[in-house]
Structure formats: C-alpha cells, structure tokens
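Working notes for the structure below.
It should be emphasised that the depicted structure is a prediction, and the values quoted were computed from it without experimental measurement. Residue numbers start from 1 in every chain, and the chains themselves are labelled A, B, ... in the order their sequence lines are given, proteins ahead of strands.
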Amino acid sequence: MTLQKKRSLVGLAFTSPWIIGFIFLFFIPLIKTVFYSFSSIDMGNYGFDLNWVGFKNYRVTFLEDPNNLRMIISSIGNVIVSVIVIVVFSMFLAIILNQNFFGRSAARVVFALPIIIASGVIIVLLKENVLQQNMGSTETATTIFQSNGVLDFLKEMGLTDKLVYFFEGLVNDIFDVVWRSGIQIILFLSALQSIPASSYEAAKIEGATAWESFWFVTFPMVSPFLLVNIIYTIIDTFTNSTNTVMQKIFSLVSGIEYEQAAAFSLVYFILVLMVVGLVYIIMNKQLEK
Amino acid sequence: MERTVKSTLAGKNNRPKGYYYGKTANVLFSVFRASLLIGLAYIVLYPILFMLSTALRGSQDYYDPTVIWLPIHFSLQSFKMAIELLNYWKTMGYTAVISIGASLIQALVCATVGYGLARYNFKGKKLIITAVILTIIVPAQTIIIPLYEQYRFFDFFGISRLLELIFGSNFTVNLTNTIWVYYLPALLGNGLRSGLFILVFMQTFRGFPQSIEEAAFIDGCGNLRCYFSIIIPNAINAFVTVFLFSFVWHWNDYYYSGMLMSGNSTLSLALRTLSTTASGVFSNQADPVANAVCVQAGCLLVILPLLVVFFFGQKAFVESVERTGMVE
C-alpha cells in the first residue's frame, strides 16, 4: 500500500463517525421527508405505514389554506429586512466597541450576553409576560420597547407615511435586533482587530478622511466576515423557533399531521436554500471584484 | 495621540484653525458614544433586570402601582414556588447530564472529523465538506419527523431488521425520552449545530503548521497517537470555545427536546410549561400576577447556571473567534 493510499484511509477513518451519522441521522431522514410529503401516514407497529397520495398534501397545505403560502412569503420578506438591519447594526456596534474608551471590556461582555440567553425559551416567556403587563396598563403593545416620539418627529420632518412606518418598525424592533446580534458582533469585532494599524496610518498619510478610510480600509478587510455573518444571520432567522413558519410546522407536528408538516417544511427549506445560494453567489461575485 | 504631536509642533499660541472644533467634536462624540452604549446595554440587560425585579417581589407589591423596578417588600417566596414546581434540582441534574455529556462528546468527535478533513486528502473530501455545510443550512424542522421515527423505533442502523429476518421477532428500541436522543447524534458528529463546530475545528487545524506532525511522524508517532498527544493539547482553546457554545445551546434547546423528550424532563421544557403548572396551583386564588412572578423566578433559576458559566468563561465567549483561529 502506498503512503498516499494509507493516509487517505486514515483520513476516512477520522471522518467515518460523521459519515455514518450523516447517512442515518440526516440523509435518510431527508429522503424520508420527501416521501412523507407525497404520502398519507398511519402509525404502524414499528415505523410508519405510508400510502402514496401524490401531490395531495401540497394541495391541502398551499391551495386549500391560503394563509400558509402568505405566511411563507411574508416570512421571507421579514427575513431579508431583518438580516440587513442586524448585519448593519452589528457592524456599527463592533466598530464602536473596537474604539478605545473607558469600560470597553465590560461593554463587550454585556453585548456578548445575548449569545447565552437568546437561543433559549426565556426570551419567548419574557415577551409574553411583558406584553401581558403592558396590555393591562396602557394601549396595546406588540414589542417590548416602543417609541411614539420618533414617529411624530419623522412625520414632522415631512417623510412619507410608508417611510415613517418602516422606521417605526425598525425602532420598535430594537430589542430583537440587539438580542440577535451577539455572535455577529463578536465575528465583526475579531475581523476589525485583525486589520493592522499600519493600514490606517497609511490611509491617513495619504489624506483619507475617516469616512474614506472606513470604505477603503475597514470595509474591504471586513467583507469576508460580512459574507459569513450574512449567511449565519439568514439561517439563524429562518430557523429561529419564534419564526411564524417554524411555529406553524411545530403545531402541525404536534397535531400529528406529519404529511402536511413534511410538505410545508420541504417547501420552506427549498426557499431558504435558494435565498442562501442567491446571496452567496451575489456576495461572492462582489467580493471577487 | 496625534493631537499632542500637533500641539507640540505648532505651539500653544498658534494652533491650527480646526483645533478647537476638533476637540469639541471629540468630546461630543464621546458623549454620543457613551449614551448610545448605555442605552443599548439597557436593552440587553433589561430582561435580567425585569426578571430580578419581578421575581423578588413580595405578594403585597403585586398590585402596588408605585412599585416599578425596586420592590418594597422583598421576598424569596416565588423562588421557593418555582423550585418546587420545576422540580428544580432533579431536572437541573438531568439537564446538566445531557448538556455536559453531549457537548464533551460533540467537541471531541467534531474535532476528530475536522482534523480528518483538514489534514488528510481522500476521494470525496470536497463532497463531505459540502454535505457538512448542507447540514448547517437545512433547518432541523425539515427532518424532525423521520428523526422522531428513527429514535422511536431505533433499529441500530438496520441490524435489528436483519435480526428480525433471522429470528422473526421485533428488536427495535424506543430511544425517545432518553439521553441517547442527544448523545447518539453527538457521538456521530451530527448533533446540535455540529456542522458549525466541524468547520471551526477544520479551520483551526488548517492554521497549524504541518511541521509539528512531520516531526512526530519521524519520531515514530502513529496517526492516532499524534492526534491525541500533539494535536488535541495544542487546540485546547478551540476545544474550550466549542464546548462552551455547545453546552449553552444544549442547555437552551427546547425544539429537539420538545419533539423527542416528553413531559418536563429538561429545564427548558419544564420552564415552557411552568405557566400552566403554576396556574393549576394558583387557580383557587385566581391571581395572574402571582403566576407571572413565579414564571420569572423560574426563568432566573434556569439561566443561573448559564450565567455562572458565562461569568467564568467570558473571555472564551468574547474572544471565541480569535481563539479558534478563524481570523487568518
């Protein structure tokens, strides 16, 4: 056996647990989901009994209940907006946290806190609780922090109603934005720290303003992380359990409507994959330029 | 820095035209930055402050409109209630067994797979890396139903079916509601966000100089021994980071446990239903506020171990990306 062959066998041995796991815990279930979505399911003695029904589940899920399709489309729209907001916000905050000021390390710890809490059930409960209390006292609230002053101020400025509502949505969602930017901030922060100080000095000597040195030094250096962050945020937002589509799938499974849940989640997954792929292709082309 | 240079160069009396403007702008910017950060930090800390403030309230304060943040009558009543209703110590022990065990296994297995992908060349490696990325992108919801079936009627990857053909009886095992729901995928490198961890380790090992291993090989070190006694000790930072993240995600997970575990076996599940449990207890008093207070105390109890871990491992979290060598 040549050395090369031996090494490739050793490499396969190192990856073998993953290959077994991938086949049995990912690939076969994925194929099964495709089958389920075309079948009706009965609980058998060991395993499910499938009966082929063609496109019936898709018809029931998407044509007979118009809400479902609308839900998926609006979820994609929401994801696009919130990804842009989260990425811009986390980059902005990372740049600020990268500056020198008193209490910088404490600030970094505070903004890393969402990483350990945000993925849990606590935020769901907290929202329910705070909103319940708000509803009892004042007018109905849909988000934890709300600002009516900003709305009036923007209207005074003479912005169109649509823009005002857009900004209102952003401002009112500040809680969600901050709480879902933990990992993104850390990623950007370490990207910023990897930029050598000499690049900024060179830019300064050449007479670049702060604005120019951001666009011509910081931004290009951070952009590989931008791609990572955007894709991470897209996946995180799509698969977030507070997402309406996710909750719908959850409730379908709890109601033992496996076939519909399979059809629903499959369509959703293909759309997610398309969005991720599209973003990846566009961003990669931009980065290569 | 550059300000001092400028002032020494130009002297105090003939400072450049924009000097005072620049100085004012700097001060204004500091004020702006401080207020922005304090405001955002308030948003981050708000849930914890809210939980503390609510959970520490005595029953006299429930309907007192003057109590907004600081309770007048402190009481640990709600914590006692929540500990009892959550069956806290037992549930926490079980959750800890799941989280610590699964994340240790996960870190080790993901490192092994990542090492294999980073250092060895073999046919289909690119395909495997693509598949790893695919496991990150596909939401758990897509495959959760067949996974449920897999665990409910676990057949040891086909061996039971084979035995059934020979002996004629059913050998499948029900794995749902056992720790194996977490341990098995961790062992096979397909646990909670394993794909991400494999990529992290792959990137870490790629950053290692090849010469360390070459020296070890020349000294007569085998592949396995080289991995365990040279590679792993050098990647300890990446290990700590992956372990901590994995621990936190296992601890918080309530999607998998909601599907594959039953009842209130993990803390997240117990917390999710705490409101219902509590309202059963409080129903004779019909007091929604008492219920909410109890839930907030429960929330604090559930994240308390996480906060402790975060407090001791904050450096690992904040510097996680640098520590794993993701930055080239």
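Counting heavy atoms from C-beta outward, B:Y151 and A:L25 have side chains that approach closer than 4.5 Å. In this structure, B:L40 and A:V110 have side chains that are not in contact, with every pair of non-hydrogen atoms separated by 4.5 Å or more. Using a 4.5 Å heavy-atom cutoff, the side chains of B:V309 and A:I116 are not in contact. You'll find the side chain of A:P114 reaches within 4.5 Å of the side chain of B:V44, heavy atoms only. Under the 4.5 Å side-chain criterion, counting only non-hydrogen atoms from C-beta, A:W18 is in contact with B:N190. No side-chain heavy atom of A:F238 sits less than 4.5 Å from a side-chain heavy atom of B:I137. Counting only heavy atoms from C-beta outward, the side chains of B:F29 and A:Q99 approach each other to under 4.5 Å. No side-chain heavy atom of B:L188 sits less than 4.5 Å from a side-chain heavy atom of A:F22.
Residue contact with chain B, scored on non-hydrogen atoms closer than 4.5 Å, involves the side chain of A:L97 exclusively. Contacts between B:V295 and chain A at a heavy-atom distance below 4.5 Å involve the side chain alone, from C-beta outward. There is no contact between B:L274 and chain A, counting heavy-atom distances below 4.5 Å. Residue B:L300 does not touch chain A at all, counting heavy-atom pairs closer than 4.5 Å. The contact between A:F92 and chain B is made entirely by side chain atoms (from C-beta outward), counting heavy-atom distances below 4.5 Å. Residue B:R33 touches chain A through its side chain alone, counting heavy-atom pairs closer than 4.5 Å. A:V276 touches chain B through its side chain: at least one heavy atom from C-beta onward sits under 4.5 Å away, while N, CA, C and O do not. Within the 4.5 angstrom heavy-atom criterion, no atom of A:I28 approaches chain B. Heavy atoms of A:F27 lying under 4.5 Å from chain B are absent altogether. Using a 4.5 Å cut-off between heavy atoms, A:L93 touches chain B through its side chain atoms alone. At a 4.5 Å heavy-atom cutoff, the contact between A:I249 and chain B is made by side-chain atoms alone. Interface remark: B:L45 contributes side-chain atoms only to the contact with chain A (heavy atom separation under 4.5 Å). In this structure, no portion of A:I23 lies under 4.5 Å from any heavy atom of chain B.
Counting heavy-atom pairs closer than 4.5 Å to chain B, the top-ranked of the candidates A:I19, A:I96, A:I234 is A:I96. Ranking B:N121, B:I143, B:L267 against chain A, the residue ahead of the rest is B:I143, based on heavy-atom pairs under 4.5 Å. Contact count versus chain A (heavy atoms, under 4.5 Å) is highest, among B:D253, B:I303, B:T112, B:L306, for B:T112. Contact tally against chain A (heavy-atom pairs below 4.5 Å) for B:G189, B:A34, B:P47, B:A41: the top residue is B:P47. Residue with the most contacts toward chain B among A:L12, A:I20, A:L266: A:L12 (heavy-atom pairs, distance under 4.5 Å).
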Run the side chain to side chain contact (heavy atoms under 4.5 Å, CB included) check on A:T15 and B:F122 step by step: do they pass?
CA-CA 11 Å; A:T15 33; B:F122 49 89; 3.6 Å; yes
Please step through side chain to side chain contact (heavy atoms under 4.5 Å, CB included) for the pair B:I48 and A:I117, ending with a clear verdict.
CA-CA 10 Å; B:I48 294 167; A:I117 303 178; 3.9 Å; yes
List the steps, then state whether side chain to side chain contact (heavy atoms under 4.5 Å, CB included) holds for A:V272 with B:V138.
CA-CA 8 Å; A:V272 173; B:V138 175; over 6 Å; no
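A:P29 approaches B:P146 most closely through the heavy-atom pair O-CG, 3.2 Å. Closest heavy-atom contact between B:F310 and A:V109: CZ-O, 3.6 Å.
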Got a list of side-chain donor-acceptor pairs under 3.5 Å for residues 128-135 of chain B, not counting sequence neighbours?
| from | atom 1 | to | atom 2 | distance (Å) |
| --- | --- | --- | --- | --- |
| B:T130 | OG1 | B:K126 | O | 2.7 |
| B:T135 | OG1 | B:V132 | O | 2.5 |

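In this structure, CZ on A:F175 lies 8.5 Å from CD1 on B:I43, to the nearest 0.5 angstrom. Interatomic distance, B:I145 CD1 to A:K32 NZ, rounded to the nearest 0.5 Å: 12.0 Å.
At least one donor-acceptor pair under 3.5 Å links the side chain of B:Q150 to the backbone N or O of A:F24.
A:F14 and B:Y120 have parallel rings, their planes meeting at less than 30° on a 0 to 90° scale where 60° marks the start of perpendicular.
Heavy atoms from other residues, nucleotides or ligands lying under 6.0 Å from OH of B:Y42 number more than 12.
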